[in-house]
Number of protein chains: 2
Amino acid sequence: MSLDINKISVKNSLSSCFGTGLDSISGGDEFLSLLANHADEVNITADNYLLNEGELAEYVYIPISGSVMLERTASNGSRQVYAFLFTGNILGLSTSSIASYNFSAKALSDLSAIRISRQLLEDFFRRSFEISKKYHTRTEIVLSAMLDHLFVMGQRTAHQRLAHFLLDMENRLFCHKGQYNLPMSRQDIADYLGMTVSTACRGFTALKRKGWISIASNSLITIHDKDALEHYITD
Amino acid sequence: MSLDINKISVKNSLSSCFGTGLDSISGGDEFLSLLANHADEVNITADNYLLNEGELAEYVYIPISGSVMLERTASNGSRQVYAFLFTGNILGLSTSSIASYNFSAKALSDLSAIRISRQLLEDFFRRSFEISKKYHTRTEIVLSAMLDHLFVMGQRTAHQRLAHFLLDMENRLFCHKGQYNLPMSRQDIADYLGMTVSTACRGFTALKRKGWISIASNSLITIHDKDALEHYITD
DNA sequence: CGGCAAGATTGATAAATGTCAATTTATGTT
DNA sequence: AACATAAATTGACATTTATCAATCTTGCCG
């Protein structure tokens, strides 16, 4: 199956997130072309699951359009959202090739993604050490991002965590003059940051009152004072 | 330099921790022997740092005796402890070969560790895909453990997190009839679990009052009712 | 063995966050 | 545009956790 590589955005290469730019794992165009010739394209509609925790981890995915949320739900119903992934991010990194997925992936919007068999990926790695190295460096970057998130979760207040999240999204989403659209609900944000929806809402309100952000239509966020936010999250 | 491989414990292979058993990354004895012939041994005394955040990441370490704590301290003094590592655990996994350490490693006790150059490790990987695969599977297991910890941090109360920690330590430390010695201070535990020392202490007291644990001498813990603890942490 | 210093525990209180219900606002449909 | 529905926000109150100081315990060292 053929695929137009140019469709894959290389934005979102930054910071505390699971996936980062596809560009960063390529061993030059050679790798991308290789993948493109062996990748399927999958499409699912909003609110459906691309994969489920516990399923045999057969594929790695890269969203072409739309966004995805990685999550785990416990038996008592509590849910932790692990990450939000956007176009060009890689999904499936954290799963060993012999094991099953340790999270579920839910589409936040209608989604197109390319899908590469882990077996095939492994064959590429076997043939090219350089490609293997790029890919594994990428995994290590994800681990590093997890450390950042863990720090914030353990050492910051609910409102600070929210401010941190908004700055992170400003880096990763398409943003014009400090304005961007959040693709996830308040509940998703709350479950990502380990707080209730009420607390998340009060956080938004608090940041608005300080004049650091404004909210036009629930999902449309404008950052007015990035410096203040950055200072706020470090205490 | 020569090294007695038998000194390296293969316990601690379980659960939510950074490093896990060295056995799991070996490509059979061949790999261990290879490393042993190229490894240095380093020794440092309790409370000193094996490596510091920001330093060029030149080595991977494996403690032979003693234990280590990985941590990050922010400019305002708040500290997140990322992991406790014991003998046989691998230290340095989460750092890309071209970057610097993204945490510091502090000895909890007098420590001996073997030290392998990342450059050398990479040479091994280049030569043997199988060794590379084992190593990177190990990294993915660490990432998976981080997800477990993140879930607990985001979705559980302070006392539940403490109970979870005590069960984890029971798996990983030398334990006889439910009794084991914690090598870290209350402050370290609190910083690992994202709470204050006071809250950690109250947690210990609460678990004692329920009759699920007892504490002989601050560091000597006995688990009396593992089932109750396991039920407690899932709500 | 006694005394000291550091670490651990507890108490009183304040602050942060959760709970649950009411209300408001946004979104999608005719 | 009006409605219906779901999502977001807020208020009142309960619970959890932090803060800070006092007290107790442990481990260490002479």
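Lettering of chains follows the sequences in order, A, B, ..., and the numbering in each one begins at 1. Just so you know, these numbers come straight off a predicted model, no measurement behind them.
- Across all their heavy atoms, A:L85 and A:I90 have their closest contact at CD1-O, 3.8 Å.
- Using a 4.0 Å cut-off between a side-chain N of Lys or Arg and a carboxylate O of Asp or Glu, A:R115 and A:E58 do not qualify as a salt bridge.
- Across residues 202-222 of chain A, A:R202, A:T205, A:N218 each have a non-hydrogen atom less than 4.0 Å from an atom of DNA chain D (numbered order).
- Two rings, from B:Y82 and B:H149, have their centers 6.0 Å or more apart.
- In this structure, the CD atom of B:Q187 is 13 Å from the C1' atom of C:dA6, given to the nearest Å.
- Both the sub-6.0 Å distance and the 45° axial angle are not jointly satisfied by B:R156 relative to the ring of B:Y232.
- For the pair B:R156 CZ and D:dT17 C1', the computed distance is 18 Å after rounding to whole Å.
- Here C:dG7 presents its P atom at 14 Å from CD1 of B:I189, a figure rounded to the nearest Å.
- Overall, the helix from C:dC1-D:dG30 to C:dT30-D:dA1 carries an axis bend of 40° between its ends, with five pairs at each end and the value rounded to 10°.
- Remark: aromatic rings of A:Y192 and A:F165 are close, center separation under 6.0 Å.
- By the 4.0 Å N-to-carboxylate-O rule, A:D148 lies close enough to B:R72 to be salt-bridged with it.
- Judged by distance alone, the side chains of A:Y49 and A:E71 do bring a donor and an acceptor atom under 3.5 Å apart.
- Counting to the nearest Å, the P atom of C:dG7 and the CG atom of B:L182 are 16 Å from each other.
- Looking at B:T45 and B:D110, their side chains never bring a donor and an acceptor atom within 3.5 Å of each other.
- Put simply, CZ on B:R186 is 19 Å from P on D:dC24, counting in whole angstrom units.
- Heavy atoms only, all atoms of each residue included: B:D191 and B:Q80 are closest at O-NE2, 3.3 Å.
- For A:T196, counting side-chain heavy atoms from C-beta on, the closest listed nucleotide (D:dT17, D:dA8, C:dT19) is C:dT19.
- Rounded to whole Å, the distance from CG on B:L193 to P on D:dT16 is 18 Å.
- The residue among B:T199 and A:S198 whose nearest nucleotide of DNA chain C is located toward the 5' end is B:T199.
- When rounded to the nearest whole Å, the span between CG of B:L162 and P of D:dT17 equals 11 Å.
- One atom, CD of A:Q160, and another, C1' of C:dA15, lie 14 Å apart when rounded to the nearest Å.
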